[in-house]
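Computed from a predicted model, the values in this text were never measured in an experiment.
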Amino acid sequence: MNVVILMLAVTACYTICSLNDKYAAAKANFSGDEFTFLMCSSMSVFLALSLPFQNLSFSLTWQSFLAVLLVAMCKMLEFQMSARVLKQLSAFELKAWLGITLFASYFTDILFGSELSVFKLICIFATAAGLVFIARSSKGGVNYKQIILPLVLYLVSKYGYGLIIRSFSPYASSTMQLLPAMVIISLIMLPRVHIRELIKNNRSGVVKVVLARIPNTLGMLLENAVISISLANYSFIQPMILVTLFVIGLIRREKRSRLNLIGSIICIVGIVAFQLA
């Protein structure tokens, strides 16, 4: 399947999840532990259901077990930190900050054997510049002193996940790295979450978060396929989600600052040019 089609499919799945994650953090008011448990436990079930339809491999080596532990660490950080960051940042603004990982992912691809392209590098610079404009457009309403550490850890976890999946694929297929990691996180979170009280006090929120994990799980499977092709394309998925959220905002006639509008247009140009290069 063409990588662009894969990326568009992941973007569609993750756009739904981005809007739901903002709801879970800001409106449903789940704690980081509750949000992480709901995500990992439900995705463990959905991933397990997908196993008969995949080509799986897992070698009994220390590299395979290390990969599972590292993926668990990255996902734990991602879920915990996103719950904290999204209490102040919108899903749109968070995707803007993820543009920082574009550079790291592209140069990692070069280390894996891809050729250096000056034009593609210019596209990345353009996309990153647009993302900076978007992030700065909302600076006045966000207290970055409170979220800077969670934000940095979130960015590291997103880049680290792609790097681990790609690096350890000879020892374990992506799903066999991801599924055990989800189970491990669920078990770690279980003693820290009062399941009965959670369902009793916020049944509607629990149902919405769990149902959103269906497209989330599909998105992760497709995302892993993109990672196997290119880490740079994997990193471009987040700006593509941002562009989608931007279009949704236009349809809803949400107000955008001039800086936000300029940044969004630059991002669109950078993304499209990189894929056409």
- Message: Is there a side-chain contact between Tyr14 and Leu222 in this structure, where contact means two heavy atoms from C-beta onward sitting under 4.5 Å apart?
- Response: no
- Query: Val226 versus Leu231: any side-chain heavy-atom pair under 4.5 Å?
  - Reply: no
- Query: Is there side-chain contact between Leu60 and Phe65, with at least one heavy-atom pair below 4.5 Å?
  - Reply: yes
- Query: Can a salt bridge be assigned to the pair Lys120 and Asp109 using a cut-off of 4.0 Å between side-chain N and carboxylate O?
  - Reply: no
- Backbone N or O of Lys158 within a donor-acceptor pair of the Glu78 side chain at under 3.5 Å? no
- Message: Taking the side chain as everything from C-beta on, heavy atoms only, tell me whether Phe46 gets closer than 4.5 Å to Ser42.
- Response: yes
- Item | pair Val193-Thr36: side-chain heavy atoms closer than 4.5 Å | no
- Task: Evaluate the side-chain proximity of Leu66 to Thr61: yes if any heavy-atom separation is below 4.5 Å, no if none is.
- Result: no
- Query: Would a hydrophobic clustering, with Ile, Leu, Val, Met, Phe, Trp and Tyr connected at side-chain separations under 4.5 Å, put Leu179 with Phe53?
  - Reply: no
- Side chain proximity check, Leu6 to Ile229, heavy atoms < 4.5 angstrom: yes
- Message: Please tell me whether Val156 and Tyr154 are part of a single hydrophobic cluster in this structure, the criterion being side-chain heavy atoms less than 4.5 Å apart.
- Response: no
- Look at the side chain of Ser64 and the backbone N and O of Tyr171, then say whether any donor-acceptor pair between them is shorter than 3.5 Å. yes
- Between Val71 and Tyr161 the two heavy atoms that sit nearest each other are CG1-CE1, 3.9 Å
- Test item: Met220 and Val10 side chains (from C-beta on) under 4.5 Å apart, heavy atoms: no
- Following the transitive rule for hydrophobic clusters with a side-chain heavy-atom cut-off under 4.5 Å over Ile, Leu, Val, Met, Phe, Trp and Tyr, establish whether Leu187 and Met182 coincide in one cluster. yes
- Got a donor-acceptor contact below 3.5 angstrom from the Ser173 side chain to the Ser57 backbone? yes
- Message: When you compare the side chains of Ser105 and Ser235, does any donor N or O come within less than 3.5 Å of an acceptor on the partner?
- Response: yes
- Query: Does NZ or CZ of Arg166 fall inside the cone over Phe112's six-membered ring, less than 6.0 Å from its centre and within 45° of the axis?
  - Reply: yes
- Message: Counting the benzene-type ring for Trp, do Tyr106 and Phe125 have ring centres under 6.0 Å apart?
- Response: no
- Item | Gln177 versus Ala67, closest heavy-atom pair with distance | OE1-CB, 3.6 Å
